[in-house]
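In what follows, a structure is listed as structure tokens, so that the remarks can point back to it.
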Number of protein chains: 2
Amino acid sequence: MKKAPQILDELGFRKTEIRIKVLEHLQKVEKAVSQPELEKKFNNLADRVTLYRILSAFEEKGIIHKIMDVHGVARYAMCNEKHCTEHEHHDEHVHFNCTECGDVVCLDTVKVPIIKLPKDFSLSRLNLNIEGTCDNCQK
Amino acid sequence: MKKAPQILDELGFRKTEIRIKVLEHLQKVEKAVSQPELEKKFNNLADRVTLYRILSAFEEKGIIHKIMDVHGVARYAMCNEKHCTEHEHHDEHVHFNCTECGDVVCLDTVKVPIIKLPKDFSLSRLNLNIEGTCDNCQK
DNA sequence: AAATAAATTGCAACATTGTTGCTATTATAA
DNA sequence: TTATAATAGCAACAATGTTGCAATTTATTT
């Protein structure tokens with residue numbers, strides 16, 4: 001996996017402490033994290049507006065993607081290239097929202113079947129939010 | 001289709017003008033409408049808190065269901081019994097969010113395929129948000 | 001190494017949605 | 001018609017999202 005500072009560099013971002021940490025965190029957790037969560041984690045390191053702008057900037061550049069969780073809160077996760085090939089690109093995301101711990105994980109391994117839409121409907125993006133209990137919270 | 005006043009009656013709600021109108025509206029449009037949309041439509045008839053409570057109460061009773069649209073705004077739509085039988089209940093919803101007009105329609109006719117989750121993940125609810133262009137906005 | 005330019009941050013401020021408490025009002029039953 | 005229980009309206013607050021602007025910091029150039 002490419003190192004955070006290098007990614008920032010390549011995208012023309014400055015390598016500030018907070019940006020590196022946010023990016024490293026996103027790489028490590030492999031979850032869709034919300035701005036409020038980052039606020040708690042980095043509360044002494046950055047203002048919430050800064051985090052908001054960092055996330056927006058990262059999304060703009062396409063290194064993370066944004067989804068709405070089941071509570072209507074924006075969450076951001078690294079785009080996982082593992083399952084995208086040149087010929088088979090899939091932006092279709094399955095997001096699992098755990099009702100116990102509140103975590104949201106990208107289920108990149110889960111294939112979204114082709115959805116047949118009614119006539120004259122065209123699809124541009126797709127987000128499948130699943131609620132339930134995650135492996136960690138399973139009794 | 002059952003008339004709005006009768007539905008309210010059966011559920012123990014009072015038949016106030018605004019409740020009847022909200023319910024009739026939901027029945028008519030066959031879309032997932034947001035509280036802000038209702039505020040605009042009934043701005044002189046009810047306070048936004050009233051609309052909020054009406055929607056919450058309806059949802060509580062199970063005559064409407066609530067979903068988060070792609071913007072993180074709650075939307076409510078009539079539960080369509082057409083496709084629910086006693087033996088085959090499906091709460092799995094496909095919601096189409098039109099990027100042009102902003103409307104959100106419940107695609108009851110679209111079947112959500114069975115999603116195979118990783119080990120130790122259990123599913124309780126599911127919402128498939130699709131973004132694209134709806135039939136009305138198709139050029 | 002200092003100066004400059006450009007990106008980034010922090011703060012203030014505001015909009016919107018969601019939510020609760022309390023009081024006033026209104027629909028329905030007695 | 002009155003009593004009572006449900007409903008509505010208002011005030012208020014929290015959380016998230018968002019923008020403008022001034023201050024700061026990083027990176028580049030001299």
Side-chain angles (χ1 to χ4, degrees), chain A residues 4-24 32-61 63-76 97 102 104 129, chain B residues 4-25 32-61 63-77 97 102 104 129:
Chain A
Q6 194 197 335
I7 296 177
L8 293 176
D9 224 14
E10 289 175 4
L11 294 174
F13 289 128
R14 289 188 178 165
K15 286 163 282 184
T16 60
E17 186 186 4
I18 181 65
R19 284 186 181 225
I20 293 172
K21 291 212 165 150
V22 168
L23 193 45
E24 283 174 343
V33 303
S34 64
Q35 185 205 302
E37 281 172 356
L38 292 177
E39 281 172 40
K40 275 171 210 106
K41 182 151 190 70
F42 301 118
N43 78 91
N44 49 336
L45 272 170
D47 188 79
R48 75 189 189 90
V49 177
T50 300
L51 293 170
Y52 169 78
R53 283 199 254 241
I54 289 175
L55 294 169
S56 299
F58 285 180
E59 194 209 354
E60 186 102 351
K61 289 288 184 179
I63 51 170
I64 63 177
H65 63 270
K66 171 186 179 179
I67 51 139
M68 284 298 161
D69 71 12
V70 295
H71 304 293
V73 175
R75 287 179 175 270
Y76 301 84
N97 298 243
V104 177
N129 267 327
Chain B
Q6 195 198 333
I7 296 176
L8 294 175
D9 223 13
E10 289 176 3
L11 294 173
F13 290 127
R14 286 189 182 165
K15 286 163 281 183
T16 60
E17 186 186 4
I18 182 64
R19 286 188 178 223
I20 294 172
K21 289 210 165 151
V22 167
L23 193 46
E24 283 174 343
H25 181 67
V33 303
S34 64
Q35 186 205 300
E37 282 173 355
L38 292 177
E39 280 171 41
K40 276 171 208 103
K41 182 151 188 72
F42 301 120
N43 78 89
N44 49 336
L45 270 172
D47 187 79
R48 75 189 188 90
V49 178
T50 300
L51 292 170
Y52 169 78
R53 283 200 253 243
I54 289 175
L55 293 170
S56 301
F58 285 0
E59 194 208 356
E60 185 101 351
K61 289 289 184 179
I63 50 169
I64 64 178
H65 63 272
K66 171 187 179 177
I67 51 140
M68 285 295 161
D69 70 14
V70 295
H71 303 293
V73 175
R75 284 178 176 272
Y76 303 84
N97 298 243
V104 177
N129 267 327

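Just so you know, these numbers come straight off a predicted model, no measurement behind them. In what follows, every chain begins at residue 1, and chains take the letters A, B, ... in the order their sequences are listed.
- B/Glu17 and B/Lys21 are joined by a salt bridge, as a carboxylate oxygen and a charged side-chain nitrogen come within less than 4.0 angstrom of each other.
- Residues B/His71 and B/Asp69 come closest through the heavy atom pair N-OD1, 2.7 Å.
- The base of C/dG18 lies close enough to the side chain of B/Arg48 for a donor and an acceptor atom to sit less than 3.5 Å apart.
- B/Leu23 places its CG atom 13 Å from the P atom of D/dT7, with the value rounded to the nearest Å.
- Protein atom CD1 of A/Ile20 is 12 Å distant from nucleotide atom C1' of D/dT26, rounded to whole Å.
- Between A/Gln35 and the phosphate of D/dT16, there is no side-chain N or O to OP1/OP2 separation shorter than 4.0 Å.
- Between A/Asp9 atom CG and D/dT26 atom P there is a gap of 15 Å when expressed in whole angstrom units.
- Rounded to whole Å, the distance from CD on A/Glu39 to C1' on D/dG17 is 11 Å.
- Across all their heavy atoms, B/Ala4 and B/Ile20 have their closest contact at CB-O, 4.0 Å.
- Checking A/Asn129 against A/Asn97 by side-chain atom types alone, a donor-acceptor pair falls below 3.5 Å.
- Look at CG on B/Leu55: it is 14 Å from C1' on C/dT19, rounded to the nearest Å.
- If you check every strand for non-hydrogen atoms under 4.0 Å, A/Leu45 touches sugar and phosphate atoms only.
- Of the candidates D/dT16, D/dT7, C/dG18, D/dT16 carries the atom nearest the A/Pro36 side chain, counting heavy atoms from C-beta on.
- Taking 3.5 Å as the limit, the base of D/dA27 and the side chain of A/Arg14 contain no donor-acceptor pair of atoms between them.
- Between C/dT19 and B/Ser56, no contact under 4.0 Å exists linking OP1 or OP2 to a side-chain N or O.
- OP1 or OP2 of D/dG9 sits under 4.0 Å from a side-chain N or O of B/Thr50.
- Summarising the geometry, the separation between NZ on B/Lys15 and P on D/dT7 is reported as 12 Å, rounded to the nearest angstrom.
- In the interface, the side chain of A/Arg53 is paired with the base of C/dG10 through a donor and an acceptor atom under 3.5 Å apart.
- Between C/dA7 and A/Arg19, no contact under 4.0 Å exists linking OP1 or OP2 to a side-chain N or O.
- Protein atom CG of B/Leu8 is 17 Å distant from nucleotide atom C1' of D/dA5, rounded to whole Å.
- A/Val70 has its side chain out of reach of B/Met68: every pair of non-hydrogen atoms, C-beta onward, lies at least 4.5 Å apart.
- Backbone-only contact: A/Ala46 has heavy atoms under 4.0 Å from sugar-phosphate atoms and none from a base.
- Here the side chain of B/Tyr52 is nearest to one of C/dT8, C/dG18, D/dA11, namely C/dG18.
- By the 6.0 Å contact criterion, CD on B/Gln6 is enclosed, its count of non-hydrogen atoms from other residues, nucleotides or ligands being greater than 12.
- The side chain of B/Val49 lies closest to C/dT20 when the candidates are D/dA8, C/dG10, C/dT20.
- For B/Thr16 and D/dA8, the shortest distance from a side-chain N or O to OP1 or OP2 is below 4.0 Å.
- Atom CG of B/Asn43 is separated from atom P of D/dG9 by 12 Å (rounded to the nearest Å).
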